[in-house]
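One structure below.
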Amino acid sequence: MLKTHTCGELRLEHVGQRVKLAGWANRVRAQGGVVFIDLRDRWGITQAVVDAQSAPEAHAIAEKVGREDVLQIEGIVRARPEGMANPNLPSGAIEVEVHLLRVLSAAKTPPFDVSSDGKLDEALRLKYRYLDLRRQRMQRNLILRSKITKAIRDYLYERDFVEIETPILFKTTPEGARDYLVPSRLHPGKFYALPQSPQQLKQLLMVAGYERYFQIARCFRDEDQRGDRQPEFTQLDLEMSFVEREDVLNLIEGLMIHLVQVAAPMTGCQLVTQPFPRLTLQEALLRYGTDKPDLRYGLEIVDITDLAAQTGFRVFAENAAAGNPTRAIRIPNCGNYSRKQLDELSDLARSVGGKGLAYIALEAGEAGQVKSPIGRFLTVEQMSALIERMSAQQGDLILISSDTHATVCAVLDAVRREFAARLGLADPKRIAFCWIVDFPLFDWNADEQRWDPSHHLFTAPAPEDIPLLDSDPGKVRGQQYDLICNGYEVAGGSIRIHDRALQEKIFGLIGLDVEDAKRRFGHMLEAFEYGAPPHGGIAPGIDRLVMLLAGEPNIREVIAFPKSQQAADLMAGAPSEANARQLAELHIRVVKDD
RNA sequence: GGCCCCGUAGUGUAGCGGUUAACACGCCGGCCUGUCAAGCCGGAGAGCGCGGGUUCGAAUCCCGUCGGGGUCGCCA
């Protein structure tokens, strides 16, 4: 080894030892007769001291050392002189008196400062990702990710799960997200698809009798990017046989609590509540306006449809008559908002499809006025009933949306998140999980005049709702569950259909005829005829989970080599053109768009 | 595909119709034996992503385009 110790481990107890260290020059402070070099490796920073008197050769080299040069030093660990310790450095009580200094690899001046976590242009970070990854923030995040992955494996191996790999080259499934296709050289005109998730394969592993399977699986979806969505991402894919919903939820809840404990020493994250609250989808929409509520803060939605219906404000009355709701959120201590600020909130509402946002501002103080553009349509009694319903006090702001259920949800969800940000309510160190259950099995697709699966094709209906499949499919609940954390969906799963007849019935309802179904899923249907156990599973998104545990705002921060929003690798320059020979072998002709 | 924000020395920013295009860090040279965001002195380095237009005059205004980010659609 070129080093006897890491740059993070030397302490007072090592004083007097002869050591070899190697790493990068994090910062260099030349001070005439003595040069200080902060030597950095994955484990930390140790100060090397090169003295012109005692080590003239090393000193001559040290004077020319630049940032990010790769160095090896040999010397003696010594306590720093009285008053010279650096309390900001774990190794700050000691330093290494250098006798020998070697430059193992000189570095060009890097395009940005590797020794700090300061703000940088995203494109620059991605172009020089290997330098970005040297920075402390990214080192911490990737090491955290590794610890989380190991903790997941440990947890599941302890519970007798089997880790099994499934193919990356698989079959296209027209449902769901857009597939990434891989042309076949041996089969002209045919394509593999990269898996959107190993969904079918893990169910087949249940048919195969493994009973408890998991995989840290790479998944691919050719859809537009977001801060929490990359074209390739990693799921903990998991499936169990002979289980019911409770078994899966309990297993995962235990795992998540464990992962927070694993991450906490590195990131200071804290679990907000356990056991995890459970909300039905409907409840989540009514109270938070979204199927992925952030429970780190309140700002809950309150229904005021009955009160609004009685007022003289036409929008409220007409909506109530049409069966549409009016709901509101109380924002504490924002009753002094200016007209301009309130107008901006209407813009926010419009940006998510609303027509506007009514407000009642209760100015602070004894003499505080009630300001509201709809005030003149309400009697004094109606106004006070509304204020009471909202539990509002002087100084509060009430924001009201009246529209279709879906629009009211969208508007008040946006309002809620906006004020959480403005009021600093979403502390990234706090981790608030909740389960969402009781999803409808189908959504009505008005364009195609048919039912679409709201989760996926293999989700089992709630047993008591099976009769409704014939009479009222929209009312059938699926045995589906989502795990939400801090406003992000971090896992989704379900109990699956293991009965061929029921599966065929579902195919029928979503407009797949028998021939179609056989062509696409014949292997599944056939497998179900050979003794399929009842089974179910879930797939937590590891990128999102690590992002949240790390307190990061997007998943690029926890992925070593992420793609840009245009799904490009800015470092290597992917995607790139294939040459004529490659294309010919693959039986591909590229068509230029106009 | 729509909407919004950003693009100025190596980096982060300022400048928003007339400036020798500014500041900090970094870089180069010098001084310095206890620094640790070292300090002090001196210096080099951009014509403002790219293309076009408006104007006497454009980094500043307009159009297009490229790149990055956010968001709606999309993501079973």
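Fair warning: this is a prediction, and the values are worked out from it, not measured in the lab. Below, chains carry the letters A, B, ... as their sequence lines are ordered, and counting in each starts from 1.
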Distance-only polar pair, side chains of A:Thr166 and A:Gln215, donor-acceptor under 3.5 Å: yes
Rounded distance in Å between the C1' positions of B:rG39 and B:rU33: 14 Å
Ionic contact status for A:Asp224 with A:Arg226, cut-off 4.0 Å: no
For A:Arg416, all residues meeting side chain to side chain donor-acceptor pair (under 3.5 Å), sequence neighbours excluded: none
Pairwise P distance for B:rC27 and B:rG57, with rounding to whole Å: 43 Å
Set of side chain to side chain donor-acceptor pair (under 3.5 Å) partners for A:Lys518, sequence neighbours left out: none
Any donor-acceptor N/O pair, A:Glu68 side chain to A:Lys108 backbone, under 3.5 Å: no
Watson-Crick or G-U counterpart of B:rG34, or none if no pair lies under 3.5 Å: none
Residues which pass ring-ring contact (aromatic ring centres under 6.0 Å, His included) with A:Tyr213, listed by chain and number, not counting sequence neighbours: none
Sugar-phosphate only, base, or nothing, as touched by A:Gly66 at under 4.0 Å among non-hydrogen atoms: nothing
Using nucleotides 45-48 of chain B, report all nitrogen or oxygen pairs with the protein that are shorter than 3.5 Å.
none

Whole-angstrom distance between B:rC4 and B:rA46, as gauged at atom C1': 29 Å
Nucleic acid contacts of residues 475-494 of chain A, taken as heavy-atom distances under 4.0 Å to RNA chain B: none
A:Trp43: ring-ring contact (aromatic ring centres under 6.0 Å, His included) partners, not counting sequence neighbours: none
Under 3.5 Å donor-acceptor pair, A:Glu95 side-chain atoms to B:rG34 base atoms: yes
Donor-acceptor pair, side chain of A:Arg11 and main chain of A:Ala93, under 3.5 angstrom: no
With sequence neighbours excluded, residues passing ring-ring contact (aromatic ring centres under 6.0 Å, His included) with A:Phe507: A:Phe521
Please write out each protein N/O paired with an N/O of nucleotides 37-39 of chain B under 3.5 Å, distance rounded to 0.1 Å.
{"residue": "B:rA38", "atom": "OP2", "partner": "A:Arg29", "partner atom": "NH1", "Å": "3.4"}
{"residue": "B:rA38", "atom": "N6", "partner": "A:Ala30", "partner atom": "O", "Å": "2.8"}
{"residue": "B:rA38", "atom": "N1", "partner": "A:Gln31", "partner atom": "NE2", "Å": "3.0"}

Sugar-phosphate, base or nothing in reach of A:Ser454, heavy atoms under 4.0 Å: sugar-phosphate
Which nucleotide in B:rG68, B:rG70, B:rC36 has an atom nearest any side-chain atom of A:Ser564: B:rG68
Taking every non-hydrogen atom, the tightest pair across A:Leu124 and A:Phe112: CD2-CD2, 3.8 Å
For RNA chain B, the residues among residues 42-62 of chain A that have a non-hydrogen atom under 4.0 Å from it: A:Gln47, A:Asp51, A:Gln53
Short N/O separations, protein against nucleotides 73-75 of chain B, under 3.5 angstrom:
{"residue": "B:rG73", "atom": "N7", "partner": "A:Arg226", "partner atom": "NH2", "Å": "3.0"}
{"residue": "B:rG73", "atom": "O6", "partner": "A:Arg226", "partner atom": "NH1", "Å": "3.0"}
{"residue": "B:rG73", "atom": "O6", "partner": "A:Arg226", "partner atom": "NH2", "Å": "2.9"}
{"residue": "B:rG73", "atom": "N1", "partner": "A:Asp224", "partner atom": "OD2", "Å": "2.7"}
{"residue": "B:rG73", "atom": "N2", "partner": "A:Asp224", "partner atom": "OD2", "Å": "3.3"}
{"residue": "B:rC74", "atom": "O2'", "partner": "A:Glu223", "partner atom": "OE1", "Å": "2.7"}
{"residue": "B:rC74", "atom": "O2", "partner": "A:Arg229", "partner atom": "NH2", "Å": "3.0"}
{"residue": "B:rC74", "atom": "N3", "partner": "A:Arg229", "partner atom": "NH1", "Å": "3.2"}
{"residue": "B:rC74", "atom": "N3", "partner": "A:Arg229", "partner atom": "NH2", "Å": "3.0"}
{"residue": "B:rC74", "atom": "N4", "partner": "A:Arg229", "partner atom": "NH1", "Å": "3.4"}
{"residue": "B:rC75", "atom": "O2", "partner": "A:Arg229", "partner atom": "NE", "Å": "3.4"}
{"residue": "B:rC75", "atom": "O2", "partner": "A:Arg229", "partner atom": "NH1", "Å": "2.9"}
{"residue": "B:rC75", "atom": "N3", "partner": "A:Arg229", "partner atom": "NH1", "Å": "3.2"}

P atoms of B:rA59 and B:rG52, separation to the nearest Å: 14 Å
Touch class at under 4.0 angstrom, heavy-atom based, for A:Arg556 against every strand present: sugar-phosphate
B:rG10 versus B:rC3 - spacing of their C1' atoms, nearest Å: 34 Å
Distance between P atoms of B:rA58 and B:rG12 (Å, rounded): 28 Å
Taking only nitrogen or oxygen atoms into account, show me every contact under 3.5 Å that the protein makes with nucleotides 10-12 of chain B, one pair per line with its distance.
{"residue": "B:rG10", "atom": "O2'", "partner": "A:Pro111", "partner atom": "O", "Å": "2.8"}
{"residue": "B:rU11", "atom": "O4'", "partner": "A:Pro111", "partner atom": "O", "Å": "3.4"}
{"residue": "B:rG12", "atom": "OP1", "partner": "A:Asp121", "partner atom": "N", "Å": "2.9"}

Whole-Å P distance, B:rG2 and B:rC63: 15 Å
Rounded C1' spacing from B:rG15 to B:rC48 in Å: 11 Å
Side-chain donor or acceptor of A:Gln480 paired with backbone N/O of A:Gly493 under 3.5 Å: no
No-hydrogen, no-angle side-chain donor-acceptor test under 3.5 Å, A:Gln47 and A:Asn86: no
Short side-chain to backbone donor-acceptor contact, A:Arg40 and A:Cys7, under 3.5 Å: no
Residue pairs passing the side chain to side chain donor-acceptor pair (under 3.5 Å) test where at least one lies in residues 57-67 of chain A, sequence neighbours excluded: A:Arg67-A:Asp113
